[in-house]
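Values below: all heavy atoms of this structure, side chains included; hydrogens, waters and symmetry mates excluded.
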Amino acid sequence: MGITKLADLIRGDAPGSITYKEIGDYTGKIIALDTSIIVNQFRSAVPNLTLSLLGVFYRTLTFLEHDIKPVFVFDGDPPEQKRAVLEKRAQSAGWSSSQRSHTVSSKTREVLRLLQLLGVPCVQAPGDAEAFCAQLVRSGAVDAVASEDMDTLAFGGTVLLRQLNAKRVSEVTEYSLPKLLEILQLTQKEFVDLCILLGCDYCDKIAGLGPSRALKLIQQHRTIEDVMLNINRKTHPVPVGWQYQAARRLFLDSPGSEPPPLQWSEPNEKELVNFLCQEKHLREEKVTKDGDGGVRQNLSPQEEGERGEKKGRRQTDESGRILSCDTEKTVCRSRRIHRQKATED
DNA sequence: ACTCTGTGTCAAGACGAT
DNA sequence: ATAATTGACACAGAGT
DNA sequence: ATCGTCC
């Protein structure tokens, strides 16, 4: 998946394009996320499907706590090349494609519902979500793309964030595409050719060519066509009917859809509580909002009915926060600590 | 000798309490 | 009762 | 820091 060996190559040959940050450094930033990547992460980490939904909930809360504005991008119709790959995967997993699409769509519907209740914008990509994320950051509609998938760089995403999660101590890795191109002395077009040689989702690669040689070859000959003329065709045979040109177009051509208007709204407390605890039977019943002045404490955690929301409606037009009761405690604590520090300084 | 590639295994998320 | 992807790391084998 | 729990 993705450009598998690109991360290693960058770490080895262009470490200068990497900076290490923490989540707090992105306060106030707009960040696009590939929803399918996130959901897959949670689904593989926890056995239960509902728990993965909870993971999305918590992670989004963490973003909002840091005043990060997330934009969730959903996959549209996958391009032909990837469709073939997906079908092959589904078959090898022993799933009929109708079964797969059904479970997938019901799952994404739930995620979509949750995110809409949280008041974060969800946009539908015309094609691959990664490609649209890249376009969003390239056009300046968002400040960065958070993804584990290095495809974003091949699609021209200028700022890529990895390991942007809710861990207590998390080291975020930021990749800068302009710096990367400068260090490697490549144009974007040449970089795309390099990624194709490394191996991508959209076409085959030349067997026997790994990161090191691919980089040297591209730096020397600049295009796949010229590389092909300068390698040993016997030891490194080119795949028959190689679709590298289609892959190249896929990376270089913009999806073409205009960035939609992004709007963050107040979370819908009532429906959120409904959805999470009544429909999903989660214990995160108590959901409350935290304006910047009135911090409410002492929400008794065990109320008999599931209507734990107090009616202290405090409208904060921009940065409303929604927190589970338990989470609120910790945030209140950290806030008090923060304020004490601020007043002591 | 050294470098690179392909193959295998393994662990994974976020929370609160201890 | 439960399922089943993806990257990171260690190793062995082939190429230069 | 490590561990049990989340449904």
Among [options], find the nucleotide with the atom closest to the side chain of [X].
X      : options               : answer
A/L51  : B/dG6, D/dC6, B/dG13  : D/dC6
A/N165 : C/dA8, C/dT16, B/dA14 : B/dA14
A/A207 : C/dT16, B/dA14, B/dG6 : B/dG6
A/H236 : B/dG6, C/dA8, C/dT16  : C/dT16
A/N48  : B/dG6, D/dC7, C/dG7   : D/dC7

The ring pair (Phe, Tyr, Trp, His ring centres under 6.0 Å) partners of A/F63 (sequence neighbours excluded) come to none
Can you measure [X] atom [atom1] to [N] atom [atom2] for me and round it to whole angstrom units?
X      : N      : atom1 : atom2 : result
A/K234 : C/dT16 : NZ    : P     : 13 Å
A/E148 : C/dT5  : CD    : P     : 18 Å
A/D204 : B/dG6  : CG    : C1'   : 15 Å
A/Y58  : B/dG13 : OH    : P     : 16 Å
A/L54  : B/dG16 : CG    : P     : 11 Å
A/Q163 : B/dA11 : CD    : C1'   : 13 Å
A/D149 : C/dG7  : CG    : P     : 6 Å
A/D151 : C/dG7  : CG    : C1'   : 14 Å

Contact check, side chains of [X] and [Y], non-hydrogen atoms, under 4.5 Å:
X      : Y      : answer
A/V39  : A/T108 : no
A/I196 : A/W242 : yes
A/P239 : A/I206 : yes
A/L161 : A/T173 : no
A/L272 : A/L114 : yes

Would you measure the distance from the [atom1] atom in [N] across to the matching atom in [M] and give it in whole Å?
N      : M     : atom1 : value
B/dC15 : C/dG7 : C1'   : 24 Å
C/dT6  : D/dT2 : P     : 29 Å
C/dT5  : D/dG4 : P     : 28 Å
B/dA12 : C/dA3 : C1'   : 14 Å
B/dA11 : C/dA4 : C1'   : 13 Å

Contacts of A/R249 that satisfy salt bridge (Lys or Arg N to Asp or Glu O under 4.0 Å) - sequence neighbours left out: none
Enumerate the residues from residues 8-30 of chain A whose closest heavy atom to DNA chain B is under 4.0 Å, giving them by residue number; use none for an empty result. none
Near DNA chain B, which residues from residues 212-219 of chain A have a heavy atom under 4.0 Å away? A/S212, A/R213, A/K216
Remember a base hit wins even if backbone is also touched, and classify A/L209 as base, sugar-phosphate or nothing at under 4.0 Å, heavy atoms. sugar-phosphate
Does [X] make a side-chain N or O approach to OP1 or OP2 of [N] shorter than 4.0 Å?
X      : N      : value
A/R59  : B/dA14 : yes
A/R162 : C/dA8  : yes
A/K5   : C/dG7  : no

At their closest point, which heavy atom of A/Q135 faces which heavy atom of A/P259, and how far apart are they? NE2-CD, 4.5 Å
With sequence neighbours left out, which residue pairs that include part of residues 139-190 of chain A fulfil the ring pair (Phe, Tyr, Trp, His ring centres under 6.0 Å) condition? A/F155-A/F251
Donor + acceptor pair across side chains of A/S36, A/D75 (<3.5 Å): yes
Set of residues satisfying side-chain hydrogen bond (donor to acceptor under 3.5 Å, both in side chains) with respect to A/R248, sequence neighbours excluded: A/D193, A/E225
